[in-house]
Protein chains: 2
Amino acid sequence: MRIGELAARTDVSVRSLRYYEEQGLLTSSRSASGQRHYTEAEVERVRFIQRLYAAGLSSRTIAELLPCVDTPSEGNSDAALERMAQERNRLSEHINELVRTRAALDILMATARAHRESEALAQSV
Amino acid sequence: MRIGELAARTDVSVRSLRYYEEQGLLTSSRSASGQRHYTEAEVERVRFIQRLYAAGLSSRTIAELLPCVDTPSEGNSDAALERMAQERNRLSEHINELVRTRAALDILMATARAHRESEALAQSV
DNA sequence: CTAAAACCTGACATTGATGTCAGAGGCAAG
DNA sequence: CTTGCCTCTGACATCAATGTCAGGTTTTAG
């Protein structure tokens with residue numbers, strides 16, 4: 001498929017796809033005239049990339065991990081495994097923090113609701 | 001306390017504290033000579049702001065929610081409550097996504113480890 | 001064949017939070 | 001009083017991901 005279709009199917013802009021390639025996160029075969037062509041597999045790959053972005057990884061970090069996805073053997077494995085474990089921890093910590101923040105929001109909302117009700121009560125008297 | 005101390009205690013740069021004030025997230029009383037002064041309460045507030053930033057809220061969004069924290073009564077409550085619920089949902093979704101990403105990373109790591117072991121095995125033969 | 005739509009490269013713009021610098025003033029200790 | 005550190009404002013720089021535009025080529029549909 002060409003870049004437009006990949007963009008449509010992944011909800012990622014054409015611009016971004018080209019940027020991913022520039023950053024070494026994505027590869028494409030080129031037609032004789034130079035147009036990028038992708039296979040089905042790239043759809044999943046782009047979604048995975050998006051997911052890592054959403055997890056707060058930079059493209060540099062993603063670029064370090066993806067080779068490990070492509071060829072899960074090789075000498076890279078050792079350092080890459082370390083790297084992944086590290087990012088995994090960062091992610092876990094981040095998740096914990098978000099959960100705590102959500103809890104804080106819940107308390108805030110409960111307080112606000114309580115105030116609203118006490119106001120309604122005051123008004124009804 | 002002055003801005004330097006607040007910065008030190010919250011691990012937020014002086015520059016950022018001034019930025020928060022500019023964005024309406026933080027207020028300070030000024031001394032006669034124009035220097036900012038803060039109370040103990042601001043320490044917690046800055047930490048909370050950082051927390052919301054980490055949760056992916058923009059300063060604009062934070063600015064919408066904080067009034068509701070300061071005066072949890074008033075007419076703002078109604079719209080603000082809606083806003084908070086909305087952000088709360090966004091946050092929950094985000095957390096879910098991160099958890100799924102972490103799971104994907106775990107699978108990747110397991111695969112890499114398996115490969116490493118099978119290689120070690122091959123070498124030992 | 002022709003026009004519209006999609007693609008190419010390369011460049012510049014944008015956004016948000018933050019860094020950094022310059023020039024000036026404030027404040028505490030020696 | 002002076003020296004050193006902190007603070008002030010205002011401006012410009014940065015970074016990463018993405019948007020946007022221009023000028024040119026390719027592909028597709030009629």
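Labels below follow one simple rule: chain letters A, B, ... track the order of the sequence lines, proteins then strands, and each chain is numbered from 1. These values consider heavy atoms only, across backbone and side chains, with no hydrogens, waters or symmetry-generated copies.
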- Query: Would A/E64 and A/T61 count as having a side-chain donor-acceptor pair, cut-off 3.5 Å?
  - Reply: no

- Item | Below 4.0 Å: OP1/OP2 of D/dT18 and any side-chain N or O of A/S16 | yes

- Query: How long is the line joining CD1 of A/I3 and C1' of D/dT26, in whole Å?
  - Reply: 15 Å

- Of the listed D/dT18, C/dA6, D/dC8, the closest approach to the B/R30 side chain comes from D/dC8

- Ignoring backbone atoms, establish whether A/Y53 has a side-chain N or O less than 4.0 Å from OP1 or OP2 of D/dA16. no

- Query: Between A/Y19 and D/dA17, is there a side-chain N or O to OP1/OP2 distance below 4.0 Å?
  - Reply: yes

- Rounded to the nearest Å, what distance is computed from the CD atom of residue A/E21 to the P atom of nucleotide D/dA17? 16 Å

- Under 4.0 Å between a Lys/Arg side-chain N and an Asp/Glu carboxylate O for A/E40 and A/R9? yes

- Mark yes or no for a side-chain to base donor-acceptor pair under 3.5 Å between B/R15 and C/dT18, with no hydrogen or angle criteria applied. yes

- Message: Could you tell me how far apart B/L26 (CG) and C/dA17 (P) are, to the nearest whole angstrom?
- Response: 15 Å

- Give a yes/no on whether any side-chain N or O of B/S33 is located under 4.0 angstrom from OP1 or OP2 of D/dT7. no

- Between C/dA17, D/dC6, C/dC7, which nucleotide gets closest to the side-chain atoms of B/S58? C/dA17

- Gap between atoms CZ and P, on A/R51 and D/dA17 respectively (whole Å): 19 Å

- Is the gap between the ring centers of A/Y53 and A/Y20 under 6.0 Å? yes

- Query: Rounded to whole angstrom units, what separation is found between the CE atom of B/M1 and the P atom of C/dC27?
  - Reply: 18 Å

- Toward the 5' end of DNA chain D, by each residue's nearest nucleotide, A/Q35 or A/S59: A/S59

- Query: Which whole-number value in Å describes the distance from A/H37 NE2 to C/dC7 C1'?
  - Reply: 10 Å

- Could you give the CG-to-C1' distance, from A/L17 to C/dT9, as a whole number of Å? 16 Å

- Task: Send over the distance from A/R2 CZ to D/dT28 C1', rounded to a whole Å.
- Result: 8 Å

- Atom pair CD (B/Q35) and CZ (B/R30), whose distance is rounded to the nearest 0.5 Å: 9.5 Å

- Taking atom types as they are modelled, is there a donor-acceptor pair under 3.5 Å from the base of D/dT9 to the side chain of B/R18? no

- Do NZ/NE/NH1/NH2 and the carboxylate oxygens of B/R47 and B/E44 come within less than 4.0 Å? yes

- For A/V14 and for B/L57, find the nucleotide of DNA chain C with the closest heavy atom, then tell me which residue's nucleotide is more 5'. A/V14

